[in-house]
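Here the structure comes first, spelled out in structure tokens, and everything after it is commentary.
Every chain is numbered from 1, with letters handed out A, B, ... down the list of sequences. Excluded from the calculations below are hydrogen atoms, water molecules and symmetry mates; all remaining heavy atoms, backbone and side chain alike, are included.
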Number of protein chains: 2
Amino acid sequence: MRADVTDTATTRALPHPGPAEIRLEAVLHALSDPIRLSIVRDLAGTPDELACSYFDLPVTKSTTTHHFRVLREAGVVRQTYRGTAKMNGLRGEELEGLFPGLLDSVLTAAAAEEARRAGSGPPADGAAAGPDRAEAV
Amino acid sequence: MRADVTDTATTRALPHPGPAEIRLEAVLHALSDPIRLSIVRDLAGTPDELACSYFDLPVTKSTTTHHFRVLREAGVVRQTYRGTAKMNGLRGEELEGLFPGLLDSVLTAAAAEEARRAGSGPPADGAAAGPDRAEAV
DNA sequence: CTGTTCGTACGAGAACCACCGTAGTACATC
DNA sequence: GATGTACTACGGTGGTTCTCGTACGAACAG
């Protein structure tokens, strides 16, 4: 039994790539999926860490786990266990150090595209410009 | 044999997405492939348009065609026929208008990663400490 | 201990993608 | 017309990714 774990509750450790292991292509690929991009946008919108169960994604739990794993292995998010929950935090500072401005411009672009899409597309029926949590970056 | 072509030489037109059709995910996906990223970097390094045959890629011509098609359909490059050659130009201004700073930060990131890779690979030690600092959480 | 909640592992199937080789089109030149 | 160049389309293969369902493990409240 490893008694070397100094922490109390967070014993299950997850493998994360170090800053030198993070590959640009992997980051871009991780961000090129709509579901993962929405996760990243949500994470960027709050200073807190969010549990996996917080996200309301149109896929099953298995698939959600898969997407979070891709994000973690690409070096985009950091995951830590906290009781039964797994908390997710954006590795914003590290990414900024490696690729200055990249994450920010992607988030801005995502917001711009969403605004563009919402502004010129939807006039079909009632619900106009749903004010569902505007991600102000 | 259609002789109805009104233009002189360069009339074979290729389908390009309009600015409103360009999707962020598609752009990120197009840039997440090493070969395509190197193409984009080459294009960004020159003000001229470059023929497909200019590039020295480690794949066959069929695959090269495939990659250029992906870039074109994502809205990253513009392709025009010029005699037998097909010239490729970056759609930099349009992308800048849609996603300000995105292309620039990706190019900067690619250059940074290449420098990092070239600089810290061979030497046993250098500036940065070990590749993986234990993830202190 | 029992049950609940949260997330993972394991298959497994469908879709996609990168890659290739061959055959074919379009253009320029001879 | 014949030859050569530049690129495309088609067909196919192997690998990866996305998705799911089910079964399992870890933490916690009774």
**Prompt:** When the distance from NZ of Lys61(A) to C1' of dA23(D) is rounded to whole Å, what number comes out?
**Reply:** 12 Å
**Item:** Rounded distance (Å) that lies between atom P of dT17(D) and atom CZ of Phe68(A)
**Value:** 18 Å
**Prompt:** Hey, is Glu113(A) close enough to Arg116(A) for a salt bridge, meaning N to O under 4.0 Å?
**Reply:** yes
**Side chains of Leu24(A) and Leu37(B) in contact at under 4.5 Å (non-hydrogen atoms)** = yes
**Of the listed nucleotides dA18(C), dA9(C), dT17(D), the one nearest the side chain of His66(A)** = dT17(D)
**Complete:** Note: Ala110(B) and Arg41(B) closest approach over all heavy atoms is CB-CD, 3.7 Å
**Request:** Check each residue of residues 43-60 of chain B for a non-hydrogen atom within less than 4.0 Å of any atom in DNA chain C, then write out the ones that pass by number, or none.
**Result:** Val59(B), Thr60(B)
**Request:** Nearest whole angstrom, please: distance from the C1' of dT17(D) to the CD of Glu25(B).
**Result:** 16 Å
**Request:** May I ask you to decide if Arg72(A)'s main-chain N or O and His16(A)'s side chain share a donor-acceptor pair within less than 3.5 Å?
**Result:** no
**Prompt:** Looking at His67(A), does any N or O in its side chain come under 4.0 Å of the phosphate oxygens OP1/OP2 on dT19(D)?
**Reply:** yes
**Prompt:** Between the side-chain atoms of Thr65(A) and the base atoms of dG7(C), is any donor-acceptor pair under 3.5 Å?
**Reply:** no
**Prompt:** Starting at CG of Leu71(A) and ending at P of dG7(C), how long is that distance when rounded to a whole Å?
**Reply:** 15 Å
**Prompt:** What integer distance in Å separates Asp33(A):CG from dT16(D):C1'?
**Reply:** 14 Å
**Nearest-0.5 Å distance, CZ of residue Phe68(B) to CG of residue Asn88(B)** = 4.0 Å
**Request:** Would you tell me if any nitrogen or oxygen in the side chain of Arg69(A) comes within less than 4.0 Å of OP1 or OP2 on dA9(C)?
**Result:** yes
**Message:** Whether the side chain of Thr108(A) engages the backbone of Asp104(A) through a donor-acceptor N/O pair (distance < 3.5 Å, no angle test) should be reported.
**Reply:** yes
**Asked** To the nearest angstrom, how far is Tyr81(A) atom OH from dC28(D) atom P?
**Response** 13 Å
**Message:** Between Gln79(B) and Cys52(B), is there a side-chain heavy-atom distance shorter than 4.5 Å?
**Reply:** yes
Protein-nucleotides 1-5 of chain D N/O pairs under 3.5 Å:
none

**Prompt:** Is Thr63(A) near enough to dC20(D) that one of its side-chain N or O atoms lies under 4.0 angstrom from OP1 or OP2?
**Reply:** yes
**Item:** Which atom of Leu71(B) lies closest to which atom of Arg36(B), heavy atoms considered
**Value:** CG-CD, 3.9 Å
**Message:** Let's see if you can work this out: which of dT19(D), dA9(D), dA18(C) has an atom nearest to the side-chain heavy atoms of Ser62(B)?
**Reply:** dA9(D)
**Complete:** When rounded to whole Å, the CD1 to P distance for the pair Ile35(B) and dA18(C) reads 9 Å
**Asked** How about Leu57(B) and Ile39(B): do any of their side-chain heavy atoms sit closer than 4.5 Å?
**Response** yes
**Side-chain touch His66(A)/Val59(A), heavy atoms, less than 4.5 angstrom** = no
**Prompt:** Closer than 4.0 Å, any side-chain N/O of Arg82(A) to the OP1 or OP2 of dA27(D)?
**Reply:** no
**Item:** d(CD, Glu73(B); P, dC16(C)) in whole Å
**Value:** 14 Å
